[in-house]
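Per chain, numbering begins at 1; letters A, B, ... match sequence-line order. Remember, it's a predicted structure, so these values are computed and weren't measured experimentally.
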There are 2 protein chains.
Amino acid sequence: MPRYADVMSTPTDDQLASLGAAFDAFARRYKLPDELGSETQLNELDKQTLIYVADHPGCGPTDIARFLAVPNTTISSATDRLAKRGLLERHRPEGDRRAVALQLSADGKARADAIVAAYRDICRRMLEPLSPAERKNFIRMITKIVHHED
Amino acid sequence: MPRYADVMSTPTDDQLASLGAAFDAFARRYKLPDELGSETQLNELDKQTLIYVADHPGCGPTDIARFLAVPNTTISSATDRLAKRGLLERHRPEGDRRAVALQLSADGKARADAIVAAYRDICRRMLEPLSPAERKNFIRMITKIVHHED
DNA sequence: ATTGAATAGTACGAACTTCGTTTTAACTTC
DNA sequence: GAAGTTAAAACGAAGTTCGTACTATTCAAT
């Protein structure tokens, strides 16, 4: 029989197992369907990069690297691929001519929108089995989890 | 002003945006810390493979491939790497000598346990900011989401 | 029995990624 | 203006995925 303090302060083993199993199934079930419509598919890093630039026009490679927690050279490769596909443009800003200001081309914007839309569809499918009240609650809790500082 | 039916049947755009943002932060915050203790680190596929074999001793490569939704040859590579590291053993079963029955070595089992433990720690950290009642509820909802058939 | 098709798995190689090291270019500062 | 710092890219090594081709068995049907 568990002590009161344990029940209050830490999740039970059963709960951890359930959550683990759920996330496991999660990853497999909601793995986004490798670019059905688009001609050439982008890998995960490139998608993340594209979306970051969409949200932060004029940012530099280093900003992205910091945000995604990968080495600078890795982002350099990613932006290279995206530029080569015509999705992203590099500009030398007048202020600091070492820097590079990134922004999306029209194609790049369309692609970013498509990715976000696919992402949103997944979210929609996930929320569907919940009742409106549950949805509200679920989002509240997951937001709490994510915003919580260690 | 939204119609009643919409409010009831589909998540709102705000909800989708919140959930999307939460998962986004999720992936970055709870990215497991690349094998701190272990000598050599395994990539994600190899970890998944190891854990599948731990849970299904005697299974074959094809079973794993089906489960993880990747080509057979990819699993062949993965089991190769794991065998080379001494984490996994291949046996020819008497019943069908084309097949291969996979099982973990002692090292493999230990490694699988460590991975599961790390995974569980992440789950623990996630549940921590929630109250006991919220935890129960959260797990109930996420289980409902995952088990729901389209 | 024998031949043909199906099945489990592997070998091999091409294409692609990540990321460390090195290099280039442009500020800073003293 | 010389030295150090910073942004970014070039280059290359190591490792991954996955398609094609191949081997070894088993099954099926005549």
Side-chain angles (χ1 to χ4, degrees), chain A residues 27-28 31-35 38-50 52-53 56-103, chain B residues 27-28 31-35 38-50 52-53 56-103:
Chain A
R28 268 189 317 290
K31 168 155 77 168
L32 38 156
D34 279 340
E35 226 80 12
S38 286
E39 324 149 4
T40 54
Q41 90 273 14
L42 302 176
N43 67 30
E44 196 53 37
L45 179 67
D46 292 4
K47 285 187 212 166
Q48 294 297 321
T49 300
L50 201 67
Y52 186 89
V53 177
H56 303 84
C59 70
T62 302
D63 300 322
I64 309 173
R66 229 191 329 261
F67 182 72
L68 298 179
V70 297
N72 283 354
T73 51
T74 301
I75 294 300
S76 193
S77 300
T79 52
D80 246 22
R81 288 188 292 267
L82 292 172
K84 208 162 293 174
R85 290 171 196 265
L87 302 175
L88 177 148
E89 294 160 6
R90 289 180 242 228
H91 298 286
R92 290 281 173 190
E94 267 318 300
D96 182 344
R97 295 223 313 287
R98 297 170 296 186
V100 164
L102 301 170
Q103 68 177 69
Chain B
R28 268 189 316 290
K31 169 155 75 169
L32 39 157
D34 279 341
E35 227 79 12
S38 287
E39 326 148 3
T40 54
Q41 90 272 15
L42 302 175
N43 68 29
E44 197 54 36
L45 179 68
D46 292 4
K47 285 186 211 167
Q48 294 296 323
T49 300
L50 200 68
Y52 186 89
V53 177
H56 304 84
C59 70
T62 302
D63 300 321
I64 308 172
R66 229 192 330 262
F67 181 72
L68 297 179
V70 297
N72 283 354
T73 51
T74 302
I75 294 300
S76 195
S77 300
T79 53
D80 247 23
R81 288 188 291 267
L82 292 171
K84 207 162 292 173
R85 291 171 196 263
L87 302 176
L88 177 147
E89 294 160 8
R90 288 180 243 228
H91 298 286
R92 290 281 172 190
E94 266 316 300
D96 182 344
R97 297 223 312 287
R98 297 171 294 188
V100 164
L102 301 170
Q103 67 177 69

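- Under 3.5 Å, the side chain of A:T73 and the base of C:dG20 form at least one donor-acceptor pair of N or O atoms.
- A 4.5 Å side-chain heavy-atom check between B:L50 and B:R85 finds every atom pair outside the cut-off.
- Here A:S77 does not reach the OP1 or OP2 of C:dC19: none of its side-chain N or O atoms lies under 4.0 Å away.
- Among the nucleotides D:dA7, C:dT18, D:dT20, the one closest to any side-chain atom of A:N43 is C:dT18.
- For the pair B:T79/B:R90, a side-chain contact is recorded, criterion being any heavy-atom separation below 4.5 Å from C-beta on.
- Rounded to whole angstrom, the span from the CG atom of B:L42 across to the P atom of D:dA14 amounts to 20 Å.
- To the nearest angstrom, P of C:dT18 lies 15 Å from CD of B:E44.
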Under the side chain to side chain contact (heavy atoms under 4.5 Å, CB included) criterion, do B:T49 and B:L102 qualify, and how do the steps go? CA-CA 10 Å; B:T49 300; B:L102 301 170; 6.0 Å; no
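- Rounded to a whole Å, the CG atom of A:N72 is 18 Å from the P atom of D:dC11.
- The CG-C1' distance, from A:D80 to D:dC11, rounds to 12 Å in whole Å.
- Closest to the A:T62 side chain, of the nucleotides D:dA9, D:dC18, D:dA8, is D:dA8.
- Of the inter-residue distances, the one linking B:R66 atom CZ with B:L68 atom CG reads 11.5 Å to the nearest 0.5 angstrom.
- Comparing C:dT10, C:dG20, C:dT18 against the side chain of A:T74 picks out C:dT18 as the nearest.
- We find that CD of A:Q41 is positioned 12 Å from C1' of D:dT17, with the value rounded to whole Å.
- With hydrogens and angles disregarded, a donor-acceptor distance shorter than 3.5 Å links the side chain of B:R92 to the backbone of B:A99.
- At a threshold of 4.5 Å between non-hydrogen side-chain atoms, the residues B:Q48 and B:I75 do not count as touching.
- Rounding to whole angstrom units, CG of residue B:L102 and C1' of C:dT10 are separated by 13 Å.
- A heavy-atom distance below 4.0 Å to DNA chain C is reached by these residues of residues 88-98 of chain A, ordered by number: A:G95, A:D96, A:R97, A:R98.
- Remark: P of D:dT16 and CD of B:Q48 are 15 Å apart, rounded to the nearest angstrom.
- In this model, the phosphate group of C:dT18 is approached by a side-chain N or O of A:R81 to a distance below 4.0 Å at OP1 or OP2.
- Residues A:L87 and A:L42 form a side-chain contact, since some pair of their non-hydrogen atoms from C-beta on lies under 4.5 Å apart.
- With rounding to whole Å, A:I75 atom CD1 is found 16 Å from D:dA10 atom P.
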